[in-house]
Amino acid sequence: MDYAPVVSRTLRWYAHAARDLPWRRPDAGPWAIMVSEFMLQQTPVARVLQPWQDWVQRWPTPAALADAPSGEAVRAWGRLGYPRRALRLHQAATAIRDDHDGQVPDDYQALLALPGVGSYTAAAIASFAFGRRHVVLDTNVRRVQARIATGIEFPATAPTAAERLLAEQFLPTEPARAARWAVASMELGALICTARGPQCDQCPVRTDCAWHRAGRPAHEGPARVGQRYQGTDRQCRGALLAVLRSSDDAVPAEELDTAWPDRAQRERALASLITDRLVVAVGPDRYALPD
DNA sequence: GATACGTGGAA
DNA sequence: TTTCCAAGTAT
């Protein structure tokens, strides 16, 4: 199948419809882009904008972040969620400072070796920051591909080998064009080809879309497993960490007690936070963010 | 491959 | 009010 027309139409659409996001501007370097990619993992753009500004201003280089205590990274992460990302970004910054002369690597494999960088993020940084040709397969692109090429409303739970092969067929040969396709196809998924209420009437490739041509058939198969939050260990961890973030000093255990009434769950969550190195025990029954 | 891992806004 | 889901990674 020749997807060149799909690529061309999408690039033409992106040229006028793209959002003006700060990490896409010419003055955003590889490090600023890398910070944005960490923050955007499972987190909407709207919630990332302010924390990203704060981070790149406070820590304009990987070395600047690496030289700060990891607990400060966790504190500055605020309520973005998944605070292990802050820790891994700090670890990645340390590796870049120590092993890459302070420069974000431009090579996919070197990026992939960094903590918190998986196949998506490595490809995204290589593509967006360095103009390299890579399949950038995020949730948006997967949904766009599923609809255009496969004719189904939603892709499988996890990326498959078939999806990667399909993505290769879309990817233009020329690196700069491939990089533009990567960001443009993500944008199409984020703005038009959305999970709920897709705007097919505004879609530049609706005539190329197998799902649209088929009359937008509803998704078959089991509904996705819902992710509960209320009452979970994750919520408990979040509550405990919020207390520690708000304090400049170590916090006595009694103060954590007030943040989560269930003792067994609280202790289990605290232990897991310590295992994850998001929290350290300092002195008898006192806890703090790590150094 | 399934599961754990935060948070908040929109439907 | 409940459910869905948002530029994933690590185990």
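In what follows, every chain begins at residue 1, and chains take the letters A, B, ... in the order their sequences are listed.
- A:S8 places no side-chain N or O within donor-acceptor distance of the main-chain N or O of A:P5, the cut-off being under 3.5 Å.
- Remark: P of C:dA6 and CE of A:M186 are 12 Å apart, rounded to the nearest angstrom.
- Rounding to whole angstrom units, CE of residue A:M39 and P of C:dT9 are separated by 16 Å.
- Near DNA chain B, meaning a heavy atom under 4.0 Å away, there are no residues from residues 130-148 of chain A.
- A salt bridge links A:R25 to A:D20: one of the charged nitrogens lies within less than 4.0 Å of a carboxylate oxygen.
- Comparing A:L114 and A:V45, the nucleotide of DNA chain C nearest to each residue sits closer to the 5' end for A:V45.
- Note that the CG atom of A:L165 and the CD atom of A:Q169 stand 7.5 Å from one another [nearest 0.5 Å].
- For DNA chain B, none of the residues of residues 117-125 of chain A falls under the heavy-atom distance limit of 4.0 Å.
- Taking atom P on both C:dA7 and B:dT3, the two are 23 Å apart, rounded to the nearest angstrom.
- Counting non-hydrogen atoms under 4.0 angstrom, A:L21 reaches a base of the nucleic acid.
- Heavy atoms of A:R19 sit under 4.0 angstrom from at least one base atom.
- A salt bridge between A:D67 and A:R97 is present, with a side-chain N of the basic residue lying under 4.0 Å from a carboxylate O of the acidic one.
- Atom CH2 of A:W52 is separated from atom C1' of C:dA7 by 15 Å (rounded to the nearest Å).
- Residues forming a ring pair (Phe, Tyr, Trp, His ring centres under 6.0 Å) with A:Y82 (at least two apart in sequence, or on another chain): none.
- Ring planes of A:F154 and A:H219: perpendicular class, angle over 60° (limits at 30 and 60°).
- Here the P atom of nucleotide C:dC4 and the CD atom of A:Q230 are 15 Å apart, to the nearest Å.
- Rounded to whole angstrom, the span from the CG atom of A:L49 across to the P atom of B:dG9 amounts to 14 Å.
- Residues passing the side chain to side chain contact (heavy atoms under 4.5 Å, CB included) test with A:P217, sequence neighbours excluded: A:W211, A:A214.
- Under the side chain to side chain donor-acceptor pair (under 3.5 Å) criterion, the residue pairs touching residues 127-143 of chain A are A:D106-A:R132, A:D138-A:N140, A:N140-A:R143, A:R142-A:E163, with sequence neighbours excluded.
- As judged by a 4.0 angstrom heavy-atom cut-off over every strand, A:W77 is placed among residues making no nucleic acid contact.
- If you take atom P in C:dT11 and the same atom in B:dG6, they sit 14 Å apart, rounded to whole Å.
- For the pair A:L40 and A:R196, both in contact range of DNA chain C, the more 5′-proximal nearest nucleotide belongs to A:R196.
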Could you write out each protein N or O paired with an N or O of nucleotides 5-8 of chain B at a distance under 3.5 Å?
unit_1, atom_1, unit_2, atom_2, d
B:dC5, O4', A:R84, NH2, 3.0
B:dC5, N3, A:Y82, OH, 3.4
B:dG6, OP1, A:P83, N, 3.4
B:dG6, OP2, A:R237, NE, 2.4
B:dG6, OP2, A:R237, NH2, 3.2
B:dG6, O4', A:Y82, N, 2.9
B:dG6, N7, A:Y82, OH, 3.4
B:dG6, N7, A:R234, NH2, 2.9
B:dG6, O6, A:Y82, OH, 3.2
B:dG6, N1, A:Q42, O, 3.2
B:dG6, N2, A:Q42, O, 3.4
B:dG6, N2, A:T43, OG1, 3.0
B:dG6, N2, A:L80, O, 3.0
B:dT7, OP2, A:Y229, OH, 2.8
B:dT7, O2, A:R47, NH1, 2.5
B:dG8, OP1, A:R79, NE, 2.6
B:dG8, OP2, A:R79, NH2, 3.4

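- Here the CG atom belonging to A:L112 is positioned 9.5 Å from the OG1 atom belonging to A:T121, to the nearest 0.5 angstrom.
- The structure places CG of A:L89 at 5.5 Å from CE of A:M34, a figure rounded to the nearest 0.5 Å.
- Between A:W77 and A:W55, the two ring planes are perpendicular [angle over 60°; tilted spans 30° to 60°].
- Salt bridge annotation for A:E168-A:R164: absent, with no cationic side-chain nitrogen under 4.0 angstrom from a carboxylate oxygen.
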